[in-house]
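Below is one structure; the comments refer to it alone.
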Amino acid sequence: MKVLREVFDIFLPDQVFDSAIELTSGHINDTFLITTTAPQKYIFQKINKGVFQDVPGLIMNKVKVSKHLHQKLADLPQKERARRVLTFLQTSDGQNHYVDRNGDFWNATFFIDESQTFETVTDPMVAYEGGKLFGEFLHLTQDFDPSELIEVIPRFHDMSFRFEQFEEALKNCSSERKQKAQKCIDLAIDLKKEMHILQGFKDNGQIRLRVTHNDTKISNALFDMKGSGLCVIDTDTIMPGIIHYDFGDAIRTICNTAAEDEKDLDKVTFNEEFYRAYSKGFLEKIGDAVSDLERKYFPLGAKTIIFIMALRFLTDYLNNDIYYKTSYPDHNLVRAMNQFKLIQSFDEVMGEVS
Ligand code: GN1
Ligand code: MG
């Protein structure tokens, strides 16, 4: 709490602190909702410097993209625009981030009130609105020069890299964890070839690099209280990538009938109706900048990003939980099993996609 007050005084020197509530949905950073004696609320975030090597660069990425979006939506009234795009606070000496007494990095944004998020989706309208929101985000960032962004995590969605990490973890893990995870390990190995197809298209230039968000799970979309898409949040991982993983990570979370860490795998199924609703909204907003080849492989993009998450959760489990925040000892294994179950249901519902 002492540190939070220190950060508060740097970002909001003229305000009176009221309260700080930790928001626990993210797996990497520490996020707090801050209230003052005035109506405006704020979000303070301590960025995980173990996961992100260049935190000032990451924060600069986010600020640049927000400024770009504010410019693109310049015709909207200021109040409306501040609900549609994140707005970053500066410190009294004009910095976008602050390094606290422990050497931790913080950034701050205005909180967007009268908004809601969804961890799971039960209404096709939310899927459709989510599709429109992420489609529009990608559309509006198309003319942003990717070379202005640093690569916050090199090879973040690179399948070969994720497999290397998995194989390394497999060599070094405890026999107990390996045994518990054996079913997931076998599934990962079985899917290896198919899961490299998009990587191949990317590496040989058949599918182009764009500015992508790279963490488009549905809980990173804000909706207004009527359920219309409002604002894309958590832009930490924005960097060059292929469109498929932004299309797909939203599908991974929208079409899963349960949360990504639901233990009861019978509850984990793939909802095809939501797939169609999301795709419709996404395609309406992305514009005509999608090639036939890109479009053809959207379903494989969804399957591949579900697999990447399954593999990363599994790898972290084998590594004794060094990356993701966990709430209990087998949390990462549960997440991995959940994602592999989702792939199985995806296959049943969607059929062959490669
Ligand atoms: C992490 O921290 P959060 O919840 O925004 C992860 C994403 C995963 C997600 C799974 C930098 O995101 O890649 O999709 O968990 N972010 C990083 O819920 O690894
Ligand atoms: Mg994130």
Side-chain angles (χ1 to χ4, degrees), residues 22-32 43-55 57-59 61-62 65-66 86 105 107 109 117-121 130 134 137 149-159 161-162 165-166 169 195 212-222 231-242 244-256 258-262 268 301-317 319 321-327 331-343:
E22 183 160 8
L23 306 178
T24 53
S25 123
H27 300 346
I28 307 286
N29 298 325
D30 295 342
T31 307
F32 300 88
I43 294 288
F44 285 8
Q45 255 187 322
K46 186 170 93 183
I47 306 291
N48 186 323
K49 63 184 179 197
V51 164
F52 299 109
Q53 306 305 310
D54 177 3
V55 181
L58 172 153
I59 294 171
N61 271 8
K62 302 200 280 190
V65 171
S66 275
L86 290 176
F105 293 83
N107 71 255
T109 53
T117 54
F118 299 94
E119 293 289 330
T120 50
V121 174
F134 286 126
F137 181 88
L149 299 176
I150 65 148
E151 208 179 349
V152 284
I153 298 182
R155 305 180 74 190
F156 188 53
H157 288 330
D158 180 310
M159 191 60 82
F161 173 60
R162 293 303 180 189
Q165 289 183 317
F166 164 64
M195 294 296 101
T212 47
H213 180 285
N214 296 301
D215 191 10
T216 55
K217 56 180 173 183
I218 195 61
S219 56
N220 282 337
L222 292 187
C231 180
V232 172
I233 59 171
D234 187 7
T235 43
D236 286 353
T237 48
I238 190 157
M239 58 187 151
I242 60 172
H244 299 82
Y245 300 143
D246 275 7
F247 172 84
D249 204 40
I251 290 291
R252 175 179 78 81
T253 45
I254 288 171
C255 299
N256 191 343
E260 74 178 7
D261 61 353
E262 171 60 56
V268 177
K303 182 170 175 180
T304 307
I305 197 76
I306 303 171
F307 179 82
I308 289 178
M309 293 312 153
L311 192 64
R312 289 177 61 200
F313 289 140
L314 174 60
T315 301
D316 199 35
Y317 177 71
N319 283 335
D321 314 316
I322 53 175
Y323 186 88
Y324 293 109
K325 288 183 185 174
T326 51
S327 307
H331 203 163
N332 272 318
L333 180 62
V334 166
R335 289 169 176 149
M337 286 165 63
N338 177 306
Q339 299 294 292
F340 279 115
K341 170 67 204 295
L342 188 63
I343 293 178

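Numbering of ligands and ligand atoms starts at 1, following listing order.
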*asked:* What verdict does the side chain to side chain donor-acceptor pair (under 3.5 Å) test give for Asn256 and Asn338, after you've listed the backbone C-alpha separation in whole Å, the side-chain angles of each residue and the deciding distance to 0.1 Å?
replied: CA-CA 9 Å; Asn256 191 343; Asn338 177 306; 3.2 Å; yes
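- How far CZ of Arg312 is from CZ of Phe156: 4.0 Å, rounded to the nearest 0.5 Å.
- Neither the backbone nor the side chain of Gln339 comes within 4.0 Å of ligand 1, counting heavy atoms alone.
- Ranking the protein heavy atoms by distance from atom 19 (O) of ligand 1 puts Tyr323 OH, 2.5 Å first.
- Interatomic distance, CD1 of Ile47 versus CG of Asn29, reported as 4.0 Å (0.5 Å rounding).
- Between the Asn107 side chain and the Ile59 main chain, no donor and acceptor come within less than 3.5 Å of each other.
- Scanning the protein for heavy atoms near atom 16 (N) of ligand 1, the closest one is Ile28 CG1, 3.8 Å.
- Nearest to atom 8 (C) of ligand 1 by heavy atom, out of Lys217, Arg335, Met309, His157, is Met309.
- Which parts of ligand 1 touch Tyr324 is read off a 4.0 Å heavy-atom cut-off, strictly below it: atoms 15 (O).
- When only non-hydrogen protein atoms are considered, atom 12 (O) of ligand 1 lies nearest to Asp215 OD2, 3.4 Å.
- Per residue Asp234, closest N, O or S atom to the Mg ion (ligand 2): atom name OD2.
- At a 4.0 Å heavy-atom cut-off, ligand 1 touches Asp234 through the side chain alone.
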*Hey, mind stepping through Lys62 and Leu86 against side-chain contact (heavy atoms from CB on, under 4.5 Å) and telling me if it holds?*
CA-CA 9 Å; Lys62 302 200 280 190; Leu86 290 176; over 6 Å; no
*Under the side-chain contact (heavy atoms from CB on, under 4.5 Å) rule, what do Ile343 and Lys303 come out as? Steps first, then yes or no, please.*
CA-CA 7 Å; Ile343 293 178; Lys303 182 170 175 180; 4.0 Å; yes
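- Looking at atom 15 (O) of ligand 1, its nearest protein heavy atom turns out to be His27 CD2, 3.3 Å.
- At the top of the distance list for atom 13 (O) of ligand 1, counting protein heavy atoms only, stands Arg312 NH1, 2.9 Å.
- Using a 3.5 Å distance cut-off with no hydrogens or angles, the side chains of Asp261 and His331 do pair a donor with an acceptor.
- Taking all atoms of both residues into account, the shortest heavy-atom contact from Val268 to Leu342 is CG1-N, 3.9 Å.
- Residue Asp215 approaches the Mg ion (ligand 2) most closely through its N/O/S atom OD2.
- Short contacts between ligand 1 and Glu260, defined as distances under 4.0 Å to a heavy atom of the residue, involve ligand atoms 10 (C), 18 (O).
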